[in-house]
Amino acid sequence: MVELVESGGGSVQAGGSLRLSCEASGYSASTYCMGWFRQAPGKEPREEREGVVAIDSDGRASYADSVKGRFTISQDNTKNTVYLQMNSLKPEDTAMYYCAAEELCPEVVVTAWDENALDAWGQGLLVTVSS
C-alpha cells in the first residue's frame with residue numbers, strides 16, 4: 001500500500017516562494033505518477049480538486065496552465081520524494097495542496113488525471129499567499 005507524507009507549505013506574501021515535499025513508501029509497481037492537487041478555501045470536500053502538477057517515473061512533467069512558468073516539480077528517486085518549487089506565488093494560489101500518487105501509471109496529463117484512479121493521498125498542506 002502506498003503511503004505519502006507531505007512537508008512544507010505555510011504563508012508567504014505575493015511574489016514569494018515556497019517548497020513542498022512528498023515522500024512515498026510502499027510502491028510495488030515499476031511505473032508510477034506523483035503530483036499535487038489543490039483545493040481552494042471554502043470548497044466542499046466533495047468538490048473536485050484541481051490537478052496542478054504531476055510527474056511520471058521517467059521524469060516527464062505535466063503542469064496546469066495556471067502554474068506554468070512559476071511552479072516546478074522534481075523528484076529524487078533515491079529518496080522516493082517529489083518536490084514542488086512554487087515561485088511568484090499569487091493570492092489565487094492559496095489552497096490546500098494534496099500530494100497524490102498512482103501506480104501502474106506510464107504517463108500523466110495533470111488536467112485529466114482521474115482522482116478515482118489514485119492509490120494514495122497525502123495529508124494536505126495549507127499554502128496561504130497574502131496580497
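Start at 1 with the first residue, then count along the sequence.
Under the side-chain hydrogen bond (donor to acceptor under 3.5 Å, both in side chains) criterion, W121 pairs with no residue, sequence neighbours left out. Residues meeting the side chain to side chain contact (heavy atoms under 4.5 Å, CB included) test with S11, sequence neighbours left out: T128. Here V129 pairs with V12, A14, L89, P91, D93, T94, V127 under the side chain to side chain contact (heavy atoms under 4.5 Å, CB included) rule; sequence neighbours left out.
E107 places no side-chain N or O within donor-acceptor distance of the main-chain N or O of D56, the cut-off being under 3.5 Å. In terms of modelled atom types and a separation under 3.5 Å, the side chain of Q13 and the main chain of S130 share no donor-acceptor contact. No side-chain donor-acceptor contact under 3.5 Å links D58 to the backbone of R60. No donor-acceptor pair closer than 3.5 Å links the side chain of D119 to the backbone N or O of V2. Distance alone, capped at 3.5 Å, places no donor-acceptor pair between the S62 side chain and the V53 backbone.
Residues A54 and W113 share a closest heavy-atom pair of CB-CZ3, 3.7 Å. Between S21 and W36, the shortest heavy-atom contact is C-CZ2, 4.0 Å. Nearest heavy-atom pair, K68 versus D65, reported as atom, atom and distance to 0.1 Å: NZ-OD1, 3.2 Å. Across all non-hydrogen atoms, the minimal contact from E115 to R49 is OE2-N, 3.1 Å.
A side-chain donor-acceptor contact under 3.5 Å links E50 and S66.
Looking only at side-chain heavy atoms (C-beta outward), V108 and E102 stay at 4.5 Å or farther from each other. For the pair L118/F37, a side-chain contact is recorded, criterion being any heavy-atom separation below 4.5 Å from C-beta on.
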Applying side chain to side chain contact (heavy atoms under 4.5 Å, CB included), run through Q75 and M34 and close with a yes or a no.
-> CA-CA 9 Å; Q75 61 185 353; M34 289 182 67; 5.9 Å; no
Side chain to side chain contact (heavy atoms under 4.5 Å, CB included) between T72 and Y63, worked out | CA-CA 8 Å; T72 303; Y63 296 91; 3.9 Å; yes
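Distance check: M96 CE to E6 CD gives 8.0 Å after rounding to the nearest 0.5 Å. Atom CZ of R19 sits about 14.5 Å away from atom CZ of F71, to the nearest 0.5 Å. Here CD of E103 is found 10.5 Å from OH of Y32. Values are rounded to the nearest 0.5 Å.
Connection of L84 to Y98 is not established within any shared hydrophobic cluster, with ILVMFWY side chains joined at heavy-atom distances below 4.5 Å, either directly or through further cluster members. Under a hydrophobic-cluster definition in which Ile, Leu, Val, Met, Phe, Trp and Tyr are linked whenever side-chain heavy atoms come within less than 4.5 Å, directly or via other members, V82 and V110 are assigned to different clusters.
Looking at V67, L20, I55, V52 one by one, the single match for side chain to side chain contact (heavy atoms under 4.5 Å, CB included) with I73 turns out to be I55.
Atom CD of Q85 has more than 12 heavy atoms from other residues, nucleotides or ligands within 6.0 Å.
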